[in-house]
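Some notes on the structure that comes next.
Just so we're on the same page: letters track the sequence lines, and every chain starts at 1.
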Amino acid sequence: MKFTDLQLSEDILLAVEKAGFETPSPIQEQTIPLALEGKDVIGQAQTGTGKTAAFGLPTLNKIDIDNQAVQALIIAPTRELAVQSQEELFKFGREKGVKVRSVYGGSSIEKQIKALRSGAHIVVGTPGRLLDLIKRKALKLDGVETLILDEADEMLNMGFLDDIEAIIERVPESRQTLLFSATMPEPIKRIGVKFMKEPEHVKIAAKELTNVNVDQYYIRVKENEKFDTMTRLMDVDQPELSIVFGRTKRRVDELTRGLKLRGFRAEGIHGDLDQNKRLRVIRDFKNDQIDVLVATDVAARGLDISGVTHVYNYDIPQDPESYVHRIGRTGRAGQSGQSITFVSPNEMGYLAIIEDLTKKRMKGLKPATAQEAFEAKKKVALKKIEREMADETIRSNFDKFKKDAVKLAAEFTPEELALYVLSLTVQDPDSLPEVEIAREKPLPFKFAPGQAKGKGGRGGRDRDRGGRRDGDRNRDRGGRRGDRNDRNRRDDKFKRDNRRQDNKKPHQRTSSEKKTGFVIRNKGER
DNA sequence: AAAAAAT
């Protein structure tokens with residue numbers, strides 16, 4: 001079966017071909033003919049299997065270019081998803097000349113009204129803004145022939161249902177209605193059917209709800225050890241791109257800050273951020289300016305970002321459908337991916353509920369040790385060093401790391417490790433290896449198990465000691481990770497550091513510095 | 001219970 005076997009018009013097929021698509025996925029193969037016939041369809045298929053094209057292609061096919069009315073309306077649960085679907089439909093409809101507009105809150109309504117006035121065959125939007133535009137008479141839906149609920153179960157959930165009903169009232173009864181999602185709980189489906197006429201339910205591979213390309217793991221870990229456990233695992237995994245999901249907006253802020261302090265190129269996204277920031281973060285993540293996206297469930301559904309190799313559920317989702325969608329951000333379009341869900345002992349019940357829905361067992365994983373995280377970073381550090389200066393003797397310096405030092409080093413970035421080991425080779429052994437670490441602020445309280453247990457404080461007292469907290473495994477640092485975009489910066493750092501060491505008087509080591517071999521200074525301190 | 005969604 002090829003796309004050309006489906007009864008799509010030439011201009012649509014040309015766009016499909018240009019996008020590099022040849023063979024339709026099962027959901028596309030089964031729902032496109034039904035939708036083209038004008039049938040109402042409930043389409044359920046795993047994440048990342050091309051549902052947008054499944055409803056988008058037949059919808060584009062139906063559009064009459066010479067008719068200036070809005071002929072199709074797509075409703076989405078988040079603003080980013082509305083933007084993404086608009087982009088995808090535009091791509092498939094450009095040959096034909098279909099005008100696709102997205103409308104959503106948090107950005108200028110005037111601009112959106114202007115765009116609608118300039119012509120809109122298809123509108124993709126979020127509920128609140130759609131209703132606002134309808135009220136202002138800037139959006140007329142009496143010409144709509146196709147109504148689509150993307151992430152339909154979410155749109156029909158309480159919290160959205162009233163708005164959805166109000167919007168649907170404005171759409172002619174004669175319309176075609178399409179509902180698509182990876183999950184479709186039976187009670188929600190029954191609500192959806194009320195808005196449809198003799199719907200066909202297409203459900204792909206009923207046995208597996210989750211995408212088979214995602215390897216699913218869980219780690220049982222106490223709340224106060226979660227953060228270290230996750231960062232160590234990330235060091236070992238070395239994800240290309242990853243998404244870390246947190247339970248609340250506040251939590252996402254804290255996690256983002258913590259990850260940045262550990263040197264990850266991370267940014268957070270949640271509903272309290274202004275829309276420009278939200279869109280910028282997604283764009284930067286897609287453009288490899290960010291390696292770790294930290295998110296609430298605002299990013300759980302629909303977002304299609306290639307290169308996401310790992311999804312970390314820092315907080316286990318309490319809603320099992322949310323789990324299915326979250327881990328569906330990886331393993332898309334035939335790529336493989338991994339998901340790791342952190343479960344504290346009192347949350348094991350949620351794990352069972354999730355497995356009950358997915359009919360799939362997650363594999364238990366042991367937390368990575370500091371030694372394993374260290375070894376992983378050592379490899380990266382060595383690669384960097386060998387690239388900077390081909391000095392093999394540096395390798396042996398890593399063997400001098402004692403147990404305490406390994407524990408600390410496990411929290412270093414590879415750049416910092418490389419810098420440190422390099423400094424060992426240019427100094428005589430008794431003088432101080434100088435590593436400047438741009439430490440700015442302490443880690444958020446919650447990620448400080450030392451303090452949680454009542455051992456030692458952070459902040460004020462530590463600063464009074466001159467900011468050296470080498471014995472504290474919760475040191476925090478700035479610095480960056482990843483060698484995609486910061487090569488130049490790193491080179492500068494090496495130069496700067498070596499230069500600084502030349503005219504530097506030796507520092508008197510404290511006992512903990514002697515024990516670990518590390519000296520860490522606050523930013524700007526000498 | 002949280003998050004999302006209009007201002």
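Here the side chain of A/T78 is nearest to one of B/dA6, B/dA1, B/dA5, namely B/dA5. Nearest to the side-chain atoms of A/T126 among the listed nucleotides B/dA6, B/dA2, B/dA4 stands B/dA6. Relative to the side chain of A/D132, the nucleotides B/dA2, B/dA4, B/dA6 differ in distance, and B/dA6 lies closest.
Atom CD1 in A/I75 sits about 14 Å away from atom P in B/dA5, given to the nearest Å. Across the protein-nucleic acid pair, A/D253 atom CG and B/dA3 atom P stand 11 Å apart, rounded to whole Å. Atom CG of A/D163 and atom C1' of B/dA3 are 15 Å apart (whole Å). Atoms NE2 (A/H270) and P (B/dA2) sit 15 Å apart, rounded to a whole Å. In this structure, A/R79 atom CZ and B/dA5 atom C1' are separated by 7 Å, rounded to whole Å. One atom, CG of A/D162, and another, C1' of B/dA5, lie 12 Å apart when rounded to the nearest Å. Taking atom CD1 of residue A/I316 and atom C1' of nucleotide B/dA2, one finds them 15 Å apart after rounding to whole Å. In this structure, A/D272 atom CG and B/dA5 atom P are separated by 10 Å, rounded to whole Å.
Ion pair A/K18/A/E95 flagged as a salt bridge, since at least one NZ, NE, NH1 or NH2 atom sits closer than 4.0 Å to an Asp/Glu carboxylate oxygen.
Pairs engaging residues 114-124 of chain A under the side chain to side chain donor-acceptor pair (under 3.5 Å) rule: A/R101-A/S118 [sequence neighbours left out].
Judged purely by distance below 3.5 Å, without hydrogens or angles, the side chains of A/E88 and A/S85 never pair a donor atom with an acceptor atom. Side chain to side chain, A/T126 and A/R79 fail the donor-acceptor criterion of an N or O pair below 3.5 Å.
Using a 4.0 Å heavy-atom criterion, one finds that A/K249 contacts the sugar-phosphate atoms exclusively. Heavy atoms of A/G271 sit under 4.0 angstrom from primed sugar atoms or phosphate atoms, though from no base atom. Using a 4.0 Å heavy-atom criterion, one finds that A/R278 contacts the sugar-phosphate atoms exclusively.
Under the rule for a salt bridge (charged side-chain N to carboxylate O under 4.0 Å, His left out), A/K359 has no partner lying at least two apart in sequence or in another chain.
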